[in-house]
Amino acid sequence: MKTILSGMLLLFTLSCITPQHGITEVKTITPTEYKEQHAKDKKAVLVDVRTPAEFKAGHLGKAQNSDFLGGTFQNDIRDWDKDKTYYLYCASGNRSGKAAKLMQEAGFKKVYNIGGYQGLKQAGLPVKE
């Protein structure tokens, strides 16, 4: 009886932490991995999910701004091509991780969190200030 209860508890615990509905963890990649992957896919989209004020203060070259906190992002993704590859960043990687998860839930397959702006800038990615 104890073995059965232990097994049931294990199954319950695993069901709580296993990704549901085919959604997997958001893939976070390094600036180096981003450079390598982006070089192979010139149609990929780079998205800065910070606020417009943060974006205006400095952003990666060729990035488009879609404010996650202000709600713009949730509206914007409705019109985006789900077959394209998207690279998201913010100030620290937190908002871009949440935004990437939201995109996955909406059916986007190729979404990557590339982290925070300062780290990307320090890694030598081109910026506009």
Side-chain angles (χ1 to χ4, degrees):
M1 182 68 172
K2 194 174 185 180
T3 304
I4 293 172
L5 287 175
S6 295
M8 289 175 64
L9 180 61
L10 177 64
L11 286 174
F12 175 75
T13 302
L14 289 176
S15 70
C16 291
I17 61 172
T18 303
Q20 301 296 313
H21 311 293
I23 297 172
T24 58
E25 288 295 311
V26 170
K27 177 125 173 103
T28 300
I29 60 174
T30 67
T32 302
E33 290 172 313
Y34 164 72
K35 288 179 194 176
E36 292 169 359
Q37 288 184 20
H38 191 263
K40 297 175 189 172
D41 184 1
K42 294 295 182 185
K43 294 181 183 178
V45 182
L46 179 60
V47 183
D48 182 330
V49 300
R50 298 177 301 156
T51 65
E54 289 173 297
F55 184 80
K56 188 176 180 182
H59 59 274
L60 295 182
K62 299 187 181 180
Q64 67 182 49
N65 184 227
S66 184
D67 183 5
F68 181 74
L69 291 179
T72 307
F73 179 82
Q74 291 81 345
N75 291 325
D76 289 347
I77 65 172
R78 293 178 187 159
D79 298 324
W80 293 352
D81 185 346
K82 292 182 180 180
D83 294 323
K84 286 188 176 182
T85 300
Y86 294 86
Y87 297 99
L88 281 58
Y89 73 94
C90 62
S92 67
N94 185 37
R95 283 177 280 178
S96 51
K98 290 176 182 177
K101 186 72 168 172
L102 189 65
M103 288 180 74
Q104 285 183 329
E105 291 170 357
F108 291 83
K109 303 287 186 232
K110 296 179 276 184
V111 182
Y112 300 93
N113 179 4
I114 61 171
Y117 175 68
Q118 290 301 324
L120 296 164
K121 182 179 172 182
Q122 289 172 355
L125 291 172
V127 298
K128 291 185 179 179
E129 295 184 294

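Rounding to the nearest 0.5 Å places CG of L120 at 5.5 Å from CG of L60. Atom NZ in K109 sits 9.0 Å away from atom CD in Q104 (nearest 0.5 Å). Note: M103 CE to I77 CD1 = 6.0 Å, rounded to the nearest 0.5 Å.
In terms of the side-chain hydrogen bond (donor to acceptor under 3.5 Å, both in side chains) criterion, residue partners of Y87 (sequence neighbours excluded) are, by chain and number, Q37. Contacts of N113 classified as side-chain hydrogen bond (donor to acceptor under 3.5 Å, both in side chains), with partners at least two apart in sequence or in another chain: S96. Residues meeting the side-chain hydrogen bond (donor to acceptor under 3.5 Å, both in side chains) test with K128, sequence neighbours left out: none. For Q122, there are no side-chain hydrogen bond (donor to acceptor under 3.5 Å, both in side chains) partners at least two apart in sequence or on another chain. Listed by chain and residue number, E129 satisfy the salt bridge (charged side-chain N to carboxylate O under 4.0 Å, His left out) test with K121 (two or more places apart in sequence, or in another chain).
For residues 47-60, the side-chain hydrogen bond (donor to acceptor under 3.5 Å, both in side chains) pairs, not counting sequence neighbours, are D48-R50, D48-Y89, T51-E54, E54-R95.
No chain of hydrophobic side-chain contacts below 4.5 Å, direct or via other Ile, Leu, Val, Met, Phe, Trp or Tyr residues, connects I29 to F108.
Between D83 and D81 the shortest heavy-atom distance is N-OD1, 2.8 Å. When all heavy atoms are compared, the tightest approach of P31 to L125 is CB-CD1, 4.4 Å.
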